[in-house]
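Accompanying notes for the structure given below.
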Amino acid sequence: MVGKVLGEKAELRSRIKELSGVINVVVAEVNSLSLAEQKAIVETNWPETQKKHETEEKKLSPLPNADKYTKIVTRFSPNPDCVLHLGSARAILLSHEYARMYNGKFILRFEDTDPKIKRPALKFYDSIRQDLKWLGCTVDEEYIQSDRLPIYYEYTEKLVGDGNAYVCECPSEEFRKKTIAMQACPCRDLPAGEHLERWHRMLTGGYTEGQAVVRVKTDLQNPNPAVRDWPALRVIDTQKYPHPRVGSKYIVWPLYNLAAGLDDHLMGMTHIIRGKEHYTNMVRQKYMYDYLGWTYPEAIHYGRLKITGADLSKSKIVAGIKAGTYAGFDDPRLGTFAALRKRGIQPESIKKMIIDVGTKSNDVTLSWENLFSYNRKILDAASARYFFVSQPLELKVLMVPKVFNAKLPLHPEKPEQGFREYIITPESEDKSVSFWVSKKDVETMEPEKIFRLMELFNVKIENKTGCLVTAKFASESYEDVRKIKVQLIQWLPKGTEFPAQVVMPDALVTEGFAEADCKKLKPDAIIQFERFGFVRVNEVGEKLVAYYAHK
RNA sequence: GCUCCGGUAGUAUAGUCCGGUCAAGUAUACUGGCCUUUCGAGUCGGCGACCCGGGUCCGAAUCCCGGCCGGAGCACCA
């Protein structure tokens with residue numbers, strides 16, 4: 001309380017002792033009143049304080065030093081060695097979103113400079129482009145690093161010529177021993193001319209894999225051994241490991257820090273948004289920037305994003321597919337964008353979630369619930385409703401007094417979306433009608449219990465035997481059962497069913513019957529099977545195949 | 001081991017730079033009412049957090065020190 005008063009009236013600061021005495025008296029007085037009395041006083045004297053809170057959409061915090069640049073430039077730079085997944089969502093969406101927020105430029109740069117260990121594959125260049133498009137991230141410029149080797153060579157020539165980089169012939173273990181001891185390796189202090197010669201020898205095939213590596217000089221005393229004289233280019237036997245795009249054209253390939261470091265400046269990057277695993281790479285690259293007289297862009301390093309239950313590691317995804325554990329890159333158990341898309345997750349939901357998470361550098365473990373709730377809000381507003389009866393069992397209703405005409409809206413709040421209609425005609429002498437209902441509902445049925453077939457009529461259960469339940473028509477009006485809160489269940493007239501399979505998030509399949517109207521649906525349609533969940537239609541043929549999104 | 005980050009309700013985030021209007025905001029989850037011919041959506045309410053210990057100060061989520069816990073990097077990968 002003292003703080004509050006001082007915050008408003010700073011001039012009282014010198015009279016704190018006096019002030020706190022007064023405040024104590026007032027507080028005691030207020031506390032002696034009941035809550036209702038306190039409220040009444042506030043309302044009569046200061047009605048304007050009773051303002052309503054409104055929730056505004058969460059926005060991204062401003063980019064550091066944004067005003068220093070005339071045009072903000074960001075990039076997303078994947079290695080095309082796998083499909084994209086939720087783990088990349090932060091880099092993609094934040095980079096793109098910031099570019100748009102500042103009316104800047106968003107660049108896609110393929111970092112495919114490792115033909116051997118993290119080998120790119122042609123198909124992924126395109127799948128990445130498609131994923132970005134799906135996410136709503138439009139690319140202003142695209143670069144592929146494997147097209148840019150001459151540029152990297154040019155700058156390497158300069159760095160080596162200036163004595164800021166050197167060609168090291170030491171075996172890596174030898175080199176490591178030296179750096180840990182903060183000592184120069186035998187190559188480091190050789191004259192620049194000698195290194196230029198070695199560099200040319202590298203380019204012309206004078207070294208085989210592992211025999212030589214270009215290193216950028218840093219401070220051997222740098223407290224972090226990982227920073228000391230980092231490797232910049234190495235020799236790859238591209239006869240043995242041809243690059244998928246440029247084959248065996250080059251044998252000297254840049255490493256991450258050289259290629260990305262040069263490109264970030266050359267492409268005019270103002271802000272780099274990437275995972276915190278790259279933090280030391282910034283430290284390393286700054287040495288090179290100093291040699292070249294460049295200033296390093298603003299860098300934001302966010303933490304890893306995990307989602308409970310899903311594996312977001314590229315290697316595990318690839319291994320799982322190879323082993324047949326997963327059906328493919330779009331297996332519903334995976335956190336790939338392909339899988340999310342197949343399940344009917346809207347890109348807008350992912351975007352909201354990522355913006356909500358922001359750019360903090362600690363790791364986050366998201367739960368699917370969060371994503372689903374965003375997605376549900378989008379889907380709920382638009383999706384058509386249908387009945388789906390999972391694991392169908394027969395319900396025979398006797399003594400149906402007349403022909404019923406059921407008209408079911410496709411969307412409860414939007415009648416303009418249309419209806420589906422059923423004409424229910426009692427058959428034979430017992431005036432019976434047979435329906436399909438789901439096993440789950442049948443399990444709760446017992447004699448005498450009343451259920452309502454949604455939008456149709458109420459029935460009283462008579463008998464339950466094996467796979468047949470018999471019931472008796474009870475009444476028609478909903479009002480009759482509304483107050484006693486009977487369970488509304490979904491139903492399908494026997495004979496109208498359309499076989500359906502729903503692939504669940506665990507990849508298991510739920511079999512059942514959908515409404516015949518579902519035959520008209522097109523792949524990609526997202527519908528709600530009432531009381532079952534939202535699903536995305538994958539194919540419509542002899543039967544309906546859909547993927548389960550969420551409740 | 002060495003070098004960096006970071007720790008706010010179950011989860012995630014705002015606030016931390018620049019101490020006071022923070023008895024800590026928001027979303028989601030959970031929960032109660034209302035509404036609703038879906039166990040969905042909507043709506044109104046509720047529950048629930050500043051890692052720990054010291055210090056500075058009239059006043060600390062915020063500043064300082066120590067501890068604990070979590071994460072990242074330490075490749076001729078990106």
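We use all heavy atoms of the structure for the numbers below, so side chains are in, but hydrogens, waters and symmetry mates are not. This structure is a prediction, so every number in the text was calculated from the model and none was measured. Every chain is numbered from 1 and lettered A, B, ... according to where its sequence line falls, protein lines coming before strand lines.
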For residues 83-93 of chain A, tabulate all N or O donor-acceptor pairs below 3.5 Å that involve a side-chain atom, not counting sequence neighbours.
from, atom 1, to, atom 2, distance (Å)
A:His85, ND1, A:Gly87, N, 2.9
A:His85, NE2, A:Leu312, O, 3.2
A:Arg90, NE, A:Gly358, O, 3.4
A:Arg90, NH1, A:Gly303, O, 2.7
A:Arg90, NH2, A:Gly358, O, 3.1
A:Arg90, NH2, A:Lys360, O, 3.3

Next on the checklist: Just to be sure I follow the notation: if a pair is Watson-Crick (purine N1 to pyrimidine N3 plus N6-O4 or O6-N4) or a G-U wobble (N1-O2 and O6-N3), each under 3.5 Å, what dot-bracket string does RNA chain B give, with | for pairs to another strand?
Outcome noted: (((((((..((((......[....)))).(((((.......)))))....(((((..]....))))))))))))....
Next on the checklist: Taking only the P atom of each, what is the distance from B:rG33 to B:rG40 in whole angstrom?
Outcome noted: 14 Å
Next on the checklist: For a quick check of understanding: with a heavy-atom distance under 4.0 Å over all strands, which category does A:Arg452 fall into, base, sugar-phosphate or nothing?
Outcome noted: base
Item to check | is_close_aromatic(A:Phe457, A:Phe473), centroid dist under 6.0 Å | outcome: yes
Short N/O separations, protein against nucleotides 75-78 of chain B, under 3.5 angstrom:
from, atom 1, to, atom 2, distance (Å)
B:rA75, OP2, A:Arg176, NH1, 2.3
B:rC76, N3, A:Gly210, O, 3.3
B:rC76, N4, A:Cys170, O, 3.4
B:rC76, N4, A:Gly210, O, 2.9
B:rC77, OP2, A:Arg234, NE, 2.4
B:rC77, OP2, A:Arg234, NH2, 2.8
B:rC77, O2', A:Asp114, OD2, 3.0
B:rC77, O2, A:Lys118, NZ, 2.0
B:rA78, OP1, A:Thr113, O, 3.4
B:rA78, OP1, A:Thr113, OG1, 2.9
B:rA78, OP2, A:Tyr256, N, 2.7
B:rA78, O3', A:Glu111, O, 3.2
B:rA78, O3', A:Glu111, OE1, 3.1
B:rA78, N6, A:Asn281, ND2, 3.1

Checklist entry - Using the P atom in both, what is the distance from B:rA27 to B:rC4, to the nearest Å? => result 40 Å
Next on the checklist: If you assign A:Lys485 and A:Thr365 each to the RNA chain B nucleotide with the nearest heavy atom, which residue ends up on the more 5' nucleotide?
Outcome noted: A:Thr365
Next on the checklist: Whether the side chain of A:Gln528 and the base of B:rU38 hold a donor-acceptor pair under 3.5 Å is what I'd like checked.
Outcome noted: yes
Checklist entry - Near A:Arg148 CZ, under 6.0 Å, is it more than 12 heavy atoms from other residues, nucleotides or ligands? => result yes
Checklist entry - Between A:Asp219 and A:Arg228, is there a salt bridge with N-O shorter than 4.0 Å? => result no
Checklist outcome for this item: By side chain to side chain contact (heavy atoms under 4.5 Å, CB included), A:Lys286 pairs with (sequence neighbours left out) A:Met282, A:Tyr296
Checklist entry - Whole Å only: how far is the NZ atom of A:Lys306 from the C1' atom of B:rU11? => result 13 Å
Checklist entry - Which letter, B, S or -, goes with each nucleotide of nucleotides 2-7 of chain B from 5' to 3', with contact meaning a protein heavy atom under 4.0 Å? => result SSSSS-
Checklist entry - Who are the side chain to side chain contact (heavy atoms under 4.5 Å, CB included) partners of A:Ala66, not counting sequence neighbours? => result A:Leu63, A:Ile72, A:Tyr102
Checklist outcome for this item: On RNA chain B, more 5' by nearest nucleotide between A:Gln487 and A:Ser61 is A:Ser61
Item to check | Same-atom distance (P) from B:rG73 to B:rA14, integer angstrom | outcome: 23 Å
Checklist entry - For the atom pair CZ (A:Phe529) and CZ (A:Phe387), what is the distance rounded to the nearest 0.5 Å? => result 11.5 Å
Item to check | Protein-nucleotide distance (A:Tyr386, atom OH; B:rU37, atom P), rounded to Å | outcome: 21 Å
Checklist entry - Can you tell me how far P in B:rU11 sits from the matching atom in B:rC18, rounded to whole Å? => result 30 Å
Item to check | Pair A:Tyr166 + A:Trp199: ring centers closer than 6.0 Å | outcome: no
Checklist outcome for this item: note: A:Asp380, atom CG; B:rU36, atom C1'; distance rounded to Å ~ 12 Å
Checklist entry - To the nearest Å, how far apart are A:His411 NE2 and B:rG40 C1'? => result 10 Å
Checklist entry - Expressed in whole Å, how much space separates the C1' atoms belonging to B:rG10 and B:rU62? => result 25 Å
Next on the checklist: Can you tell me how the ring of A:His301 sits relative to the ring of A:Tyr279, calling it parallel under 30°, perpendicular over 60° and tilted otherwise?
Outcome noted: perpendicular
Checklist entry - Whole-Å distance between B:rA12 C1' and A:Arg90 CZ? => result 10 Å
Next on the checklist: What is the separation between atom NZ on A:Lys352 and atom C1' on B:rU13, rounded to the nearest whole Å?
Outcome noted: 16 Å
Next on the checklist: What is the separation between atom NZ on A:Lys377 and atom P on B:rA41, rounded to the nearest whole Å?
Outcome noted: 9 Å
Checklist entry - Is it true that atom NZ of A:Lys483 has more than 12 heavy atoms of other residues, nucleotides or ligands lying nearer than 6.0 Å? => result yes
Next on the checklist: If I take atom OH in residue A:Tyr374 and atom P in nucleotide B:rA29, what distance separates them, rounded to the nearest angstrom?
Outcome noted: 10 Å
Checklist entry - With a 4.0 Å cut-off on heavy atoms, is A:Asn458 in touch with a base, just the backbone sugar-phosphate, or nothing at all? => result nothing
Item to check | Between B:rU16 and B:rA60 - C1' atom distance, rounded Å | outcome: 11 Å
Next on the checklist: Distance check, C1' atoms only: B:rC65 and B:rC22, in whole angstrom units.
Outcome noted: 25 Å
Item to check | A:Gly344 versus A:Gln346, closest heavy-atom pair with distance | outcome: O-NE2, 3.3 Å
Next on the checklist: In whole Å, measure the gap between the P atoms of B:rA12 and B:rG71 for me.
Outcome noted: 13 Å
Checklist entry - Would you say a side-chain N or O of A:Arg482 is under 4.0 Å from OP1 or OP2 of B:rU37? => result yes
Checklist entry - Which one of A:Phe532, A:Phe388, A:Phe534 satisfies the ring pair (Phe, Tyr, Trp, His ring centres under 6.0 Å) criterion with A:Tyr548? => result A:Phe532
Next on the checklist: For A:Tyr422 together with A:Trp491, are the ring centres under 6.0 Å from each other?
Outcome noted: yes
Next on the checklist: With a 4.0 Å cutoff (strictly under), does any side-chain N or O of A:Arg304 reach OP1 or OP2 of B:rG71?
Outcome noted: no
